[in-house]
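Lettering of chains follows the sequences in order, A, B, ..., and the numbering in each one begins at 1.
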There are 2 protein chains.
Amino acid sequence: MIQLDDLDRAILKLLKQDARLTISELAERLNRPESTIHFRIKKLIEKGVIDRYTIILGEPLKPKSVVAVYIETEIPVIEDFLEKYINHITKTLSMLPNVLAVAKSGRNGIMALIGGETEEQIEKFVDDTIRTLPSLRRVEVFPFTSIVKGKDVIGFLVDV
Amino acid sequence: MIQLDDLDRAILKLLKQDARLTISELAERLNRPESTIHFRIKKLIEKGVIDRYTIILGEPLKPKSVVAVYIETEIPVIEDFLEKYINHITKTLSMLPNVLAVAKSGRNGIMALIGGETEEQIEKFVDDTIRTLPSLRRVEVFPFTSIVKGKDVIGFLVDV
DNA sequence: TATGAAAGACATCATGT
DNA sequence: ACATGATGTCTTTCATA
C-alpha cells in the first residue's frame with residue numbers, strides 16, 4: 001500500500017480543486033515552505049499518486065442531457081463468440097463522440113454513458129444504433145435527471 | 001452556441017492530455033507565437049469552455065473494483081414523499097467516500113458508482129447500506145469487468 | 001485578433017541545517 | 001523536513017499592426 005500524511009492529502013485536495021495553483025500559493029495556504037511543497041508534489045508524481053494533470057470542459061461543450069444505457073447480449077452456444085461480440089460492440093460505441101464512457105459488465109453486459117442535446121435525441125440514437133444490434137436480450141436506458149455527486153464528470157469525459 | 005476553430009480545439013486536446021504543458025511548449029507544437037496561445041487560453045477560460053484544471057489520481061488510490069448500482073424506490077401515494085426520500089438517499093450516498101458518483105434517474109431512480117477493494121466487499125456494502133433501505137422495489141448491481149472508454153474517470157472521481 | 005519584445009514571477013536544483 | 005540562493009524558464013503585459 002501507499003501511505004499519505006495530512007500534508008500530502010491537503011496538497012492533493014487543493015490540486016483537485018485547482019491544478020494551476022502555484023507552489024508558492026500552496027505553500028502559503030498550507031503554511032509550509034515552498035521547497036517542501038515542491039518536494040512532496042515531486043514524490044506524489046513519482047509514486048503515481050498523481051497520475052496526470054488535465055482540464056475539465058465547461059457548459060458550452062457539455063451535452064445538455066445524459067443517460068446510462070445497459071446492454072446485455074444473448075449467451076451463444078459457442079462461448080468464444082461472446083467475448084468477440086462484446087468487444088465489437090464496445091469498440092464501436094467507443095468511437096462515437098456522444099458516447100462518453102463504456103464499460104464491460106459481467107461477461108455479456110455493457111454499460112455506456114451517452115450524451116446528447118435532448119433526451120429524445122439520445123433515445124433516437126439508442127434506437128438507431130443500439131437496439132438494432134443483433135442478439136441482444138436487454139437494452140435499458142437510465143436517464144439522468146441530475147447528478148448529485150461527481151457533477152463535473154461530464155466535462156471531464158466530453159470530447160473536444 | 002459557441003464556436004471554436006482548429007487552433008482552439010488543438011489547444012484543448014493537448015491540455016486534456018496534459019494540462020501542465022507550458023504555453024511555450026504548446027506554442028512550439030502548434031507553430032504559433034506564445035502570445036497567441038496565451039490569448040486563446042485566456043479566452044477559452046473566460047468563455048467557460050475550460051471550466052477548471054485538475055489532477056487525476058493514479059493506481060495507488062484507485063479502488064480495484066467498481067460497480068454501478070441502480071436503485072428504484074416504490075412510488076408512494078403522497079408524491080411529495082418521493083422527492084424527499086430520493087434526496088435523502090442521494091445525499092446519504094454522496095457522503096460516503098467509496099461512492100464515486102451519484103445521479104438521480106427519472107423520478108424514482110438513482111444510479112450510483114461504487115468503488116471498493118473487491119467485488120465481494122462492494123456487494124457487502126450494497127447489502128448493508130442500500131438493500132436495507134425501506135421502500136425499494138429494485139436494486140440491481142452492474143459489476144464493471146473493464147472500462148473501455150473513459151478509463152481514468154475513476155482516478156478523476158476518487159476521493160483523497 | 002495576432003504578434004514580438006520586455007518585465008516580472010515561478011519552478012527547479014544545489015547546498016547546507 | 002526545512003531554509004536559502006542562484007539559474008533558467010515561463011507567464012503576463014503592453015505596444016503595435
Problem set entry | Shortest non-hydrogen separation from B:Lys16 to A:Arg52 and the atoms involved | O-NH1, 2.9 Å

Exercise. NZ/A:Lys149 to CG/B:Leu157 distance, rounded to the nearest 0.5 angstrom?
Worked result: 9.0 Å

Problem set entry | B:Arg20 and A:Ile45, any side-chain heavy atoms less than 4.5 Å apart | yes

For this session: Answer yes or no: does atom CG of B:Asp6 have more than 12 heavy-atom neighbours from other residues, nucleotides or ligands under 6.0 Å?
Result: no

For this session: Tell me which residues in residues 19-47 of chain B put a heavy atom below 4.0 Å from DNA chain D, sorted by number, or none.
Result: B:Thr22, B:Ile23, B:Ser24, B:Glu34, B:His38

Seminar exercise, completed: d(B:Ile55 CD1, A:Lys13 NZ) to nearest 0.5 Å is 12.5 Å

Exercise. Which residue pairs pass the salt bridge (Lys or Arg N to Asp or Glu O under 4.0 Å) test with at least one member in residues 22-35 of chain A, sequence neighbours excluded?
Worked result: none

Could you go over nucleotides 15-17 of chain D and give all protein N or O partners under 3.5 Å, atom names and distances?
none

For this session: Give me the ring orientation class for B:Phe142 and A:Tyr70: parallel if the planes are under 30° apart, tilted from 30 to 60°, perpendicular past 60°.
Result: tilted

